[in-house]
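The chains referred to below are lettered A, B, ... by the order of the sequence lines, with proteins before strands, and numbering in each begins at 1.
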Amino acid sequence: MTSLPQTTEKKLGLVIDLDTCVGCQACVVSCKEWNTSNYGAPLSDVDAYGAEPHGTFLNRVHSFEAQPEAGCSQTVHFPKSCLHCEDAPCVTVCPTGASYKREEDGIVLVNEDDCMGCGLCAWSCPYGARELDEIFGVMKKCTLCVDRIYNENIPEEDRVPSCVRTCPSGARHFGDLGDPESDVSKLVAAREGFDLMPELGTKPVNKYLPPRLKDQPSQSALTPQHSDAKGLFAWLDKALEKL
Amino acid sequence: MHPAPSVIAFTTLSGLGFGLLAFLGLGLPPVTGWVAFVFFALAYALAVGGLLASVAHLANPKNAIKAFSQWRSSWLSREGIAAVAALLVMAVFAIALIFFDVRLRLLGLLGAALCLTTVFTTSMIYTQLKTVPRWNMWTTPPVFLLHCLGGGALLAGQPRLAAVLLALLGAMMIWAWSEGDSKGRAGSTMETATGLGRIGKVRLLEPPHSGENYLLKEMAYQVGRKHALKLRILTISLGIVLPVALMLLVPVTHFTAIVAILAHLIGVFAGRWLFFAEAEHVQALYYGR
């Protein structure tokens, strides 16, 4: 069970557009809402109304600032969840067989009936995509809403991960990244989608689309560029210049 | 990484226990009867006590029995199997030696090999993690094995052998520290973690949550790095230099042996605490740590 499949029929995953994400956290909330009441143990909160609230989330949105060598810095909102890696180290380290990657669609899941809560899979993940639930003692991670995407009891437009369905800015896309003709694969090709920490060799399925570069205004609006003042103002301009 | 007391107790105590068991399996010291009983009782108390401490860090121990199932891929599973095999083989050897005064030499050799295999598998749990560059080094298995052999020799009353092995351990630890210091996070940066290096230098503007969480508690522990140098000096002076000096320079009595063992144990605890506390995990880069 904890050996990785040689290949998977599909490579289902997410494409996250860092250019479009506005950091509203709606995906975080919808993920928590769906996944606390469906697949596996709930996502518990501890001290929720106290001084130090904390809890389990499968998706979190960081905000970074990237500073180019010249010009203004760029703020980038950065949603992060399990990347459903092809070479998922979290699967092979698992001693109980709880952690596995599905042959049919490549989704990485935890069978909570087998998990002993040792936390080694979370240690092996470079992305911080797995969180051990403090109350239920089992490892929680993104399931790619496996209980939505194949669910024939819900309307067809809802058969995508909850975060994708919720995103108000259209920054999240879901599909088969193993099929070069799929919409998501075309999007990744067109926008030069990239992997997170490629140097660790995990081969993530999820891709990120880079933010478009900011315009570089040639001159700042606040600096006076030239003076065509005459008379008193010309003298004042000169005098102030000398100060 | 969070230095969980249960895991520190587990790796140090069981390492010492398996070290002593390995020497007993090799016939060092050549004890029989009640003296052998005392030695084996100590070795089993350390090894089994350590293993029980490790169960204390599981969040869902009722599934621990399933950890024997995935030996094909998982070092943690291999460790569990090797530990049980070593304890069972050495139990047969010990019973024969204590109660029947029979030394089953081949079984003792097999048991010793299994003890070292157990410690090697423990070390590989850490060595395999590319996400923690300070552990993902060739030095980690020799450090764990020399801990086990050096401490084991000390407990088995082999002064010269203990001195040599502990000196090797000290050298290996210093090597591992310096290599770990220069390795840093092995080329992973906030720029590679976010892919935003194409724009420029990256810093965290806002974390995703205002409080703590599992990831920060477990993998972004920062207290240890501040005291790294002091703890390294403590580890080398108490864990290595003092016991080696006692073994080589003064006549070995029960008293000096006990002082040497206790000093070594304190040094080893400090060193193992540091092994966790100063190890940095790449996922902390997403939190700018």
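- In this structure, the portion of A/C115 lying under 4.5 Å from any heavy atom of chain B is its backbone and not its side chain.
- The candidate from B/S210, B/S77, B/P61 with the greatest count of non-hydrogen atom pairs under 4.5 Å with chain A is B/S77.
- Counting heavy-atom pairs closer than 4.5 Å to chain A, the top-ranked of the candidates B/G211, B/S69, B/A193 is B/A193.
- Defined by atom type and a distance below 3.5 Å, a donor-acceptor pair is missing between the side-chain atoms of B/R78 and B/T121.
- Heavy-atom pairs under 4.5 Å with chain A peak, among B/H57, B/M190, B/R198, at B/R198.
- With a 4.5 Å cut-off on non-hydrogen atoms, A/E65 touches chain B through its backbone and its side chain both.
- Counting only heavy atoms from C-beta outward, the side chains of A/L18 and A/L209 never approach each other to under 4.5 Å.
- A ring-ring contact (aromatic ring centres under 6.0 Å, His included) with A/Y208 is found for exactly one of A/F64, A/F78, A/Y127, namely A/F78.
- For B/H209, the part lying under 4.5 angstrom from a heavy atom of chain A is the side chain only.
- Using a 4.5 Å cut-off between heavy atoms, B/L204 contacts chain A through both its backbone and its side chain.
- Taking the centre of each ring, B/F120 and B/F18 stay at or above the 6.0 Å mark.
- Looking at heavy atoms from C-beta onward, B/Q128 lies out of side-chain contact with B/N136 at the 4.5 angstrom threshold.
- Summarising the local packing, CG of A/D183 is surrounded by 12 or fewer heavy atoms from other residues, nucleotides or ligands at distances under 6.0 Å.
- Interface check for chain A: of the options B/S188, B/P207, B/G197, B/S54, the most heavy-atom pairs under 4.5 Å are formed by B/S188.
- Each of B/F10, B/F269, B/W135 was compared with B/F276 under the ring-ring contact (aromatic ring centres under 6.0 Å, His included) criterion, and only B/W135 meets it.
- Screening B/T140, B/L146, B/L145 against B/M172 for a side-chain contact (heavy atoms from CB on, under 4.5 Å) leaves a single residue, B/L146.
- Listed options A/G55, A/P89, A/C125, A/G119 were ranked by heavy-atom pairs under 4.5 angstrom with chain B; first place goes to A/C125.
- Ranked by heavy-atom pairs shorter than 4.5 Å toward chain B, the options A/L132, A/L213, A/V76, A/D113 are led by A/L132.
- For chain A, no part of B/E191 is nearby; none of its heavy atoms comes within less than 4.5 Å.
- Of the listed residues (A/R60, A/E131, A/M139), the one with the most heavy-atom contacts under 4.5 Å to chain B is A/R60.
- Electrostatic pairing of B/E212 and B/K217 does not count as a salt bridge here, judged by no charged N lying under 4.0 Å from a carboxylate O.
- Tested against B/E280 for a side-chain contact (heavy atoms from CB on, under 4.5 Å), the candidates B/R185, B/M1, B/K183 yield a single pass: B/R185.
- When each of B/V282, B/T194, B/L196 is scored by its heavy-atom pairs under 4.5 Å with chain A, the top score falls to B/T194.
- For the residue pair A/R130 / A/S99, a side-chain donor-acceptor distance below 3.5 Å is found, with atom types taken as modelled.
- Looking only at heavy-atom pairs under 4.5 Å with chain B, the residue among A/G117, A/G137, A/S63 that has the most is A/S63.
- Interface remark: of the candidates A/G23, A/S124, A/P53, A/S124 forms the most heavy-atom pairs closer than 4.5 Å to chain B.
- Comparing A/F57, A/W123, A/F194 by how many heavy-atom pairs each has under 4.5 Å with chain B, the most go to A/W123.
- For B/L58, the parts lying near chain A are the backbone and the side chain together; criterion is any non-hydrogen pair under 4.5 Å.
- Interface summary for chain A: among B/F68, B/Y214, B/W75, the most heavy-atom pairs under 4.5 angstrom belong to B/Y214.
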